[in-house]
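Predicted model only: the values in this text are computed from it and were never measured.
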Amino acid sequence: MPELPEVETVRRGLERWVARRTVAAAEVLHPRAVRRHTAGAGDFAGRLAGAEVAAVRRRGKYLWLPLFTGDGAAPSEALLAHLGMSGQLLVGEPGREREKHLRVRLTFADGGLDLRFVDQRTFGHLLVADLVPDAHGAPDETVPEPIRHIAPDPIEDAFDDAEFVRRLRRRRTGLKRALLDQSLISGVGNIYADEALWRAKLHGARPTETLTRAESERALAGAREVMALALAAGGTSFDRLYVNVNGESGYFDRSLEAYGREGQPCRRCGAPIRRDAFMNRSSFTCPVCQPRPRRARF
DNA sequence: CAGCGTACCTGTAAGC
DNA sequence: TGCTTACAGGTACGCT
């Protein structure tokens, strides 16, 4: 469930079903799922066994569960998760059948619902990492060390609009590429980048150094608005790959204005939406509302 | 250093 | 029907 609204939907589910519970055991069924935990699968499982989930946090597309380790101190490490292209975190009866692409399974000391990381394409991963001070947020906030370089996302308090606009306009790249850069703004992926640009009436190939302050703010507002709407709909899913912790799909796909609408009329002006190849994927734009710049950056 | 292309996977759908 | 190809929500890494 890749982009911010889908990950936030999962975060809310985990908060409800997993927070404040103590892990009994972690079972790694596919080593690739913990490849970024450099100390290995055994160390990963060892750090989780007996730990209590203190909370469920998110920045952009990353989720993390700060862990109480039993000594009464504040959490110093966290279980960090990225769902990649096809990852799911599912909560359910421990005895149910194992999913075909089950990669990691956590059981809890209370014997209740288990937590499963299911990931068809294995681009997602889990790891346990140290918590370090957050360079972007309040002084007492922490983030897992591997994601300290990730920028705040536009729906968190730590996001600084003016700073984003300054950094965006200093870049020398295309607008869409910049929106997808998680070190500039996190949480935006291919769907919501296209939707934000449609709302802002801007083309993703616009060179960032030609953007006015007002245009930059429009792009940001577009991202913020579309993600808030998608979140209210439980996220976007085209198939069973993108579901919440209870296996249910969101329905924001019905509200998409650009993404996946090649050849269909723009709901603002009626012109057929056009598809272009971009970064080994697709970009969808309205050729009238979002005129392609003369000096295009893709 | 910033920016860009490619690699990493599995599954589905479309094309021949 | 079966084979091949294109494409799918993302990030890390190495090259220029």
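- Note: CZ (A:R59) to C1' (C:dG10) measures 19 Å, nearest angstrom.
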- Task: Carefully, step by step, assess A:R57 and A:E141 under the rule salt bridge (charged side-chain N to carboxylate O under 4.0 Å, His left out).
- Result: CA-CA 11 Å; A:R57 308 286 313 273; A:E141 292 291 305; 3.1 Å; yes
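- Taking side-chain N and O atoms only, A:K100 has no distance below 4.0 Å to OP1 or OP2 of B:dT10.
- At whole-Å resolution of the value, CD in A:E262 and C1' in B:dA14 are 14 Å apart.
- The residue among A:G174 and A:T122 whose nearest nucleotide of DNA chain B lies closer to the 5′ end is A:G174.
- Residue-level contact check: A:R275 touches the backbone only, with heavy atoms under 4.0 Å from sugar-phosphate atoms and none from bases.
- In DNA chain B, the stems built from three or more successive Watson-Crick or G-U pairs (distances below 3.5 Å) are B:2-8 with C:10-16, B:10-16 with C:2-8.
- Among the protein residues, A:N280 comes within range of the nucleic acid bases, having at least one heavy atom under 4.0 Å from a base atom.
- Contact detail for A:C266 and A:C289: the closest heavy-atom pair is SG-SG, 3.9 Å.
- Taking the ring axis of A:W198 as reference, the NZ or CZ atom of A:R268 stays within 45° of it and closer than 6.0 Å to the ring centre.
- Annotation: A:Y251, atom OH; neighbour count of heavy atoms from other residues, nucleotides and ligands within 6.0 Å does not exceed 12.
- In this model, the phosphate group of C:dA6 is not approached by any side-chain N or O of A:R281 to a distance below 4.0 Å at OP1 or OP2.
- You'll find that the side chain of A:M85 is closest to C:dA8, out of B:dC8, C:dA8, C:dT11.
- The interatomic distance linking A:I191 (CD1) with C:dC7 (C1') rounds to 14 Å, in whole Å.
- If you check B:dG5, C:dG9, C:dA8 against the side chain of A:F238, the one that comes closest is C:dG9.
- Two rings, from A:H203 and A:F298, have their centers less than 6.0 Å apart.
- Within the structure, a side-chain polar atom (N or O) of A:T173 is placed less than 4.0 Å from OP1 or OP2 of B:dC4.
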Polar atom pairs between nucleotides 12-16 of chain C and protein, under 3.5 Å, N or O only, would you list them?
residue	atom	partner	partner atom	Å
C:dA12	OP1	A:Y62	OH	3.2

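- Between the C1' atom of C:dA8 and the CZ atom of A:R240 lies a distance of 17 Å, rounded to the nearest Å.
- Not one side-chain nitrogen or oxygen of A:R171 sits closer than 4.0 Å to the OP1 or OP2 atom of B:dA2.
- When heavy atoms are screened at a 4.0 angstrom cut-off, A:D239 is found touching base atoms of the nucleic acid.
- For C:dT11, one of the phosphate oxygens OP1 or OP2 lies less than 4.0 angstrom from a side-chain nitrogen or oxygen of A:Q182.
- Taking atom P in both B:dG11 and C:dT11, one finds a spacing of 22 Å when rounded to whole Å.
- By the 4.0 Å N-to-carboxylate-O rule, A:E215 lies close enough to A:R206 to be salt-bridged with it.
- Aromatic ring orientation, A:Y259 versus A:F238: parallel (interplanar angle below 30°, classes split at 30° and 60°).
- Residues A:H37 and A:R35 form no side-chain contact, since every pair of their non-hydrogen atoms from C-beta on lies 4.5 Å or further apart.
- The nucleotide whose nearest atom lies closest to any side-chain atom of A:H101 is, among B:dT10, C:dG9, C:dT11, B:dT10.
- Distance check, rounded to the nearest 0.5 Å: CG of A:L126 to CZ of A:R36 gives 12.5 Å.
- The phosphate of C:dG9 (OP1 or OP2) has no side-chain N or O of A:K61 nearer than 4.0 angstrom.
- For C:dA8, the OP1/OP2 oxygens have a side-chain nitrogen or oxygen of A:S282 closer than 4.0 Å.
- Protein atom CE of A:M279 is 10 Å distant from nucleotide atom C1' of C:dG10, rounded to whole Å.
- The only option from A:I191, A:T236, A:L231 that meets the side-chain contact (heavy atoms from CB on, under 4.5 Å) definition with A:F252 turns out to be A:T236.
- Rounded to whole angstrom, the span from the CG atom of A:L179 across to the P atom of C:dG10 amounts to 13 Å.
- Stacking between A:F123 and the base of B:dC8 is present: ring centres sit under 5.5 Å apart and the planes differ by under 30 degrees.
- Listed for the A:D119 side chain is no donor-acceptor partner under 3.5 Å among the backbone atoms of A:Q88.
- One atom, CG of A:D276, and another, P of C:dC7, lie 12 Å apart when rounded to the nearest Å.
- For A:R177 and B:dG3, the shortest distance from a side-chain N or O to OP1 or OP2 is not below 4.0 Å.
- Note: CD1 (A:I147) to C1' (C:dT11) measures 13 Å, nearest angstrom.
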